[in-house]
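Atom set for the values below is all heavy atoms of this structure, side chains included, hydrogens, waters and symmetry mates excluded. Positions are given from 1 along the sequence. Order of appearance sets the numbers: ligands from 1, and atoms from 1 within every ligand.
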Amino acid sequence: MSARPVLRFAPSPNGELHLGHAFSAMVGFDMAQHLGGRFLVRIEDIDTTRCREEYVTQIFEDLRWLGIEWEEPVRRQSEHFTTYSAASDWLLKLGLLYPCFATRSEISEATELNPHLTDPDGTPLYPGLHKNLPKEEVAVRLTRNEPFALRIHMDRALDALERITGARTVTFTELDGAGHPQHIEMNPADWGDAVIVRKDVPASYHLAVTVDDARQRVTHVTRGRDLYAATSLHRLLQAILGLPEPIYHHHRLLTDGQGNKLSKSARDTSLRSLREAGVDALQIRQRVGLASNETAANGT
Ligand code: GLU
């Protein structure tokens with residue numbers, strides 16, 4: 001069995017990649033090279049209404065232009081819904097998920113009472129609306145084909161975690177910018193009863209990413225700081241589903257001149273427009289801070 005490290009870049013094809021994605025892909029690719037590991041690209045396209053095929057094609061063009069190489073075949077999440085369902089069925093059997101039929105407006109109305117209680121992304125915490133629906137009511141709603149999400153019963157999930165690991169918090173190893181390991185402890189309860197299976201598709205970002213990283217034997221997850229807090233949920237799911245624990249590196253986020261996060265709609269930093277303007281990969285490395293100006297000037 002190969003013990004080579006496995007790293008991945010996992011973009012969502014719902015817009016054009018920008019400089020921040022170039023940075024993210026290069027950080028992962030460079031670390032894979034440094035570790036003598038393999039590098040994968042995964043297309044995270046569970047959001048079938050927002051993802052577009054033309055963006056998938058562009059992702060490959062952008063990455064090739066950046067000098068990034070990856071192994072084929074590329075995993076596409078939209079082709080693996082049955083795998084995610086198998087994982088959620090297991091969580092359901094363990095009694096750790098429950099159906100939530102509440103609409104967006106019902107939830108936001110209920111959260112108005114406690115708007116300051118938010119998850120790490122700043123979204124108001126789910127107020128438990130359908131947490132204790134009587135079985136009969138669930139059955140009636142199901143026969144009426146009412147759409148539902150599956151939410152994690154956080155208290156019970158933490159009980160399960162405690163039975164497995166002896167603790168109600170999760171831990172993981174985070175490599176800092178210099179590659180030094182740090183021991184991190186986080187509390188998944190900060191997310192409340194998060195959605196594990198969405199209403200519209202039989203998965204969620206959290207479930208799909210956890211299952212896929214394990215399926216693809218990813219040993220080092222490199223991604224932006226914006227997903228740092230989500231790692232507690234991923235570690236919780238890994239522990240309960242019996243999946244291996246990767247090492248993490250959450251890299252800094254690039255910002256525009258005003259200190260704002262780069263967005264997929266900002267044309268000036270889109271990789272396609274930079275590519276079409278004749279910018280080359282070395283200049284991109286320089287712009288994102290992965291190569292010095294001299295390196296770019298010397299072309300070495
Ligand atoms: N698909 C996610 C994104 O584009 C990244 C997921 C991850 O790296 O864990 O933001």
Side-chain angles (χ1 to χ4, degrees), residues 5-32 37-52 55-56 58-60 62-63 66 68 70 74-81 84 87 120-123 170 172-175 184 186 188 191 194-196 198 201 203-238 243-255 261-266 269-271:
V6 180
L7 290 89
R8 56 35 167 212
F9 174 58
S12 300
N14 55 11
E16 294 191 341
L17 297 192
H18 53 58
L19 276 178
H21 296 101
F23 178 64
S24 197
M26 286 170 159
V27 165
F29 182 66
D30 290 359
M31 195 187 281
R38 300 163 49 205
F39 191 68
L40 312 176
V41 171
R42 181 168 74 226
I43 299 296
E44 302 218 319
D45 57 352
I46 60 167
D47 197 335
T48 43
T49 53
R50 289 178 63 219
C51 292
R52 300 228 302 261
Y55 291 133
V56 177
Q58 257 188 57
I59 285 171
F60 297 139
D62 289 340
L63 293 177
L66 291 174
I68 286 173
W70 61 93
V74 165
R75 186 174 176 96
R76 292 184 63 148
Q77 292 189 324
S78 58
E79 294 169 0
H80 297 277
F81 283 124
Y84 311 133
D121 281 347
T123 307
V170 290
F172 60 93
T173 300
E174 171 80 13
L175 299 180
I184 307 290
M186 272 188 190
W191 290 97
V195 170
I196 298 301
R198 289 165 36 159
V201 288
S204 62
Y205 159 65
H206 300 301
L207 182 67
V209 84
T210 304
V211 168
D212 281 350
D213 282 336
R215 284 252 159 177
Q216 297 191 285
R217 299 179 198 280
V218 171
T219 56
H220 295 67
V221 171
T222 60
R223 60 185 177 200
R225 284 300 286 191
D226 51 341
L227 292 168
Y228 184 66
T231 306
S232 67
L233 263 186
H234 304 171
R235 289 287 302 120
L236 174 67
L237 293 174
Q238 283 159 6
L243 304 175
E245 171 189 350
I247 291 170
Y248 289 88
H249 170 58
H250 293 91
H251 58 70
R252 66 184 163 85
L253 297 176
L254 296 193
T255 52
K261 236 184 101 172
L262 300 181
S263 110
K264 279 192 171 160
S265 50
T269 58
S270 113
L271 296 185

### Query
What pairs of residues pass the salt bridge (Lys or Arg N to Asp or Glu O under 4.0 Å) test when at least one of them lies in residues 222-236, not counting sequence neighbours?
Asp226-Lys261, Arg235-Glu245

### Query
Which distance, rounded to the nearest 0.5 Å, do you find between the CG of Asp47 and the CZ of Arg52?
12.5 Å

### Query
Under 3.5 Å, side chain of His249 to main-chain N/O of Leu175, donor-acceptor pair present?
yes

### Task
Using the six-membered ring wherever Trp is involved, compare the ring planes of His18 and His21 and label them parallel, tilted or perpendicular (cut-offs 30° and 60°).
tilted

### Message
Could you check whether His234 and Tyr205 have their ring centres less than 6.0 Å apart?
### Response
yes

### Message
If we ignore hydrogens and angles and just use 3.5 Å, is the side chain of Trp191 paired with the main-chain N or O of Ala229 as donor and acceptor?
### Response
yes

If you look at each N/O of ligand 1, which protein N/O atoms lie under 3.5 Å away, and at what distance?
{"residue": "ligand 1", "atom": "1 (N)", "partner": "Ala10", "partner atom": "O", "Å": "2.7"}
{"residue": "ligand 1", "atom": "1 (N)", "partner": "Ser12", "partner atom": "OG", "Å": "3.2"}
{"residue": "ligand 1", "atom": "1 (N)", "partner": "Glu44", "partner atom": "OE1", "Å": "2.6"}
{"residue": "ligand 1", "atom": "8 (O)", "partner": "Arg8", "partner atom": "NH1", "Å": "2.6"}
{"residue": "ligand 1", "atom": "9 (O)", "partner": "Arg8", "partner atom": "NH2", "Å": "3.0"}
{"residue": "ligand 1", "atom": "9 (O)", "partner": "Tyr205", "partner atom": "OH", "Å": "2.9"}
{"residue": "ligand 1", "atom": "9 (O)", "partner": "Arg223", "partner atom": "NH1", "Å": "3.0"}

